[in-house]
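Order of the sequence lines sets the chain letters (A, B, ...), proteins ahead of strands, with each chain counted from 1.
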Amino acid sequence: MDTALQKIMDLAELEYRPCAGLPFAVYLVSREGVFLKYNEEAQAFFGLPAEPDFQHRVTDFYNQPGDREDYLSRLGRLERGQWLKNTTIDLKVNGQMRFVRDYTKAVWSEDGQAIAALLCLMVPINKGGRYHRLFNELPVGIFSFRKGSGLINANPRFVDMYGYDGLEEALFKAPADFIKYPEELEEMERRIWEKGSVSNEYQEHVRKDGSLFTAAVSARGVWDGDGNWVGTEGILEDVTMEAIYFRLVNEVPIGLYKVRINEQGEHILVHCNQHFANNRGAEAPEDLIGKDLRKWHISPQAFQDFHEALIRKDREGQSLVDYILPAYNGRGELRRYEVHVKLLKDSSGNIIGRVGAERDVTDYLDTKQQLDELTTDIGKVLHSYSSTLIHVKHTMDAVIRSFITKDLLLRENGMPDEERILGRISSEIGVLQNSVNNLLEKNRENRQFEDGVGEQLERLISLLVRFSSEQSGAQKLAIIRDGAIKIRELINDTVAKGNFPRELIKEARRQLREVLRLCSLATLGRGVDTVLEMESVVNNLRSYILTRVKYKEEPQRIDLYDLIIGAVRKMEEYAANRMVELRTNIKAIRNVYIDGYEDDLTRALLNILHNAIKYSWTRKGPGRAFVMIEGRMDADWININIENWGVAITQEELEKGLIFKVGYRGVNSSDRRRPGTGLGLYDALKVAEKHKGSLAITSNPSLGNSREDYSNPFITTVSIQLPRNEQLI
Amino acid sequence: MNSYKVLWIEDDADSDLYHLASPVYIEGNYHLDIASSASEAFFYLNERRYDVIIVDIRIPPGKNPDWLSRYEELQRNSNANSSRLGLELLRRIFGENGNQPSLKVSQNLSVVRYGVFTVERLEELRADLSELNLTSLKYKRKNAMMPHTALLEFIQEISRGIPNGVG
């Protein structure tokens, strides 16, 4: 004999001997199941040789070999010396099923680290006994109803499900006492009558306390010898949670599925919900279940990539999430699915399948791609607009230079000084008036004008005189210009036909030329102002679209002082054109750095400065309008205030936050020339919030005027507050 | 020939549309008043009787507190960013729901003397104009390509439709 086996037998001898004489089958087996010792009853039961030959194994008799592993595992968890009792084992002996109730004790190795052998006592049980055990132990309710008597038998689980204290309490109750809806009972009875049985019917059942649960019922009719239906027997399970999950699985708006890998390596869909079926172009889950999902990938390589990604994630202890999977649906259309998948493995760690959730994101991704392309296109278009505007400005600058004579009429920034130009126009019109009056006087002498021309000339020159003394405005320039052109036409026509002194005509023409030159200068100046405004708007819009929609800007360490100075420099030309001075008082935030998004902050500042300049009123008396940019800080916050004097923002607009709405135009903004995109303040607010800061606006009367009196200027202050210590990098 | 008195209600008359008024002045047959807000228009309408009135639909309220509060009220009730005060002015001229017009100077209520010169499409305005029985007034849509004589042409078109000329 094997010394190891001998050793085990020596260890177990003391345990075995007292039991061997019992009137049951008693046997000793090694951990591997080799019969080491047995009594007569065991010998007879198993059909073993008179003396152990150490070849026979008890495992050969197990109907389910896997049961023994489970058995050993349970034994290992018991305390030393304890019996594992009352285990029912199904054995196959001589081709017949034998059912035994087993009692086993572990025999431990000398070092106590492992089970060396098992001492087993076995009591055969008959079918009825086995089923009786099943009846009492099965985790399903078993019932039997008789017509006229109601419930005549039920197992403990049935009684427990309905919350009764014992079978006696439930006995003789009618089926209608257990089933909530009479129509469900009627339907079940109808089906039993027609087909003899029902299987897995979901019904709402009522407990003793009136609460409900969902039961899955399988039942058959009981018939007497005359073919009369006398009763119903069956089983039921409480599937309330299952019903809830079933509803959840089918109602949740996402595809859920499970795949098992079979022995041929096919990835078979074993379960899916309705959404998955719909996603994959099928009418119902049944149309997909059983199919090999690998065939729906766009290529074997694509499937390989997906599976490898899944395995990689699994090795990291994670599921694969947010994976975009291109695959064909049941209609052969190529779609893209966002999948979240987890591998399924058996107890040995082998991959046996996967479970996952997916949604069809084809349309979303298409839209995203279109948006991406659109923003790229818009970015390019806006860039070219910006270039065009610069080209236009340079062209206008060139034309302005060609109109400028030694009398200059320019501001410090080289742009036409409209006020001085209009003053000059006024003078020229006065002189022109004299010339025209001289012509009219000559005409009264020799009547060389055609009918009505004289009256027209008088009317037009009066128009010019009238408008030359009116307030500045683009209309005024247009009327003077068009009027001068008309006068010139009339004079040219008349000269061609008539006989006027040459010097008189020459003088009138010179004055008209000068008026037109001056009008053109002033109009061009306004045009340049418009171009600068549009260039600023286009650049900010481009920046907004690219940074908010297309690119994700990375945070960086920002010198706020430099940022503000940069923004101010960019706005200088625009401000100068508007005769607004930009003043800064930001020494207090020198050498202050924050984590932030440079493009976003620059754009926000440019928008706020642009508004401040645009809505500034020219101050009366000496000194120009100015916008003040101030920077301050404390331990936690940096405050940047931008203040201007001019157009008011109403209290309601501020309190309700209207001024921050996209596309909103202020009530008082219409007297400004160019309204802009309506994005500026909205964007600036979002930028401040992105930096975990804030943006606030106040607008208060400046000259003692009331809040409702918008005819006098208001002091409007935009305050940006940024945290000093927010770490974004 | 007498001059037609024309009121043009337009807030962009001195900015984007600054070039439109000039031909009207130069042509000489029209006395043109320009109102750049509802307040200003209301002031003119209470001062003078006009032969032709051209209205932009979307105009700012201006400084008159009544118009300002009406503007804010309409904004609260509407999803539109700015309200159609041009229509409000027409309601004051013509009266609404059987009410009498509420102006100190009674304006000529013949629809042929009115024109709408706006960026909105006519379809967008039909319902409101129908309410005021003004569906037959002349309409012209503003656009970037219109010539600088567009306003003059529109006034001339309306004038031609006035029977017996100026009254």
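From D482(A), atom CG reaches atom NE2 of H148(B) across 5.0 Å, with rounding to the nearest 0.5 Å. Taking CZ from R481(A) and NE2 from H19(B), the interatomic distance works out to 9.5 Å, rounded to the nearest 0.5 Å.
Within a 6.0 Å sphere centred on OH of Y139(B), other residues, nucleotides and ligands contribute more than 12 heavy atoms. Residue Y385(A) qualifies as open at atom OH: its count of foreign heavy atoms under 6.0 Å is 12 or below.
The side chain to side chain contact (heavy atoms under 4.5 Å, CB included) check on Y25(B) picks up L463(A), R466(A), F467(A), Q475(A), I479(A), A21(B), L32(B), I34(B), with sequence neighbours excluded. Residues meeting the side chain to side chain contact (heavy atoms under 4.5 Å, CB included) test with P701(A), sequence neighbours left out: N705(A), R707(A), F714(A).
Proximity of a side-chain donor or acceptor of S22(B) to a complementary backbone N or O of A478(A) within less than 3.5 Å is detected.
Test I485(A), L460(A), I487(A) against I26(B) for side chain to side chain contact (heavy atoms under 4.5 Å, CB included) and you get one pass: L460(A).
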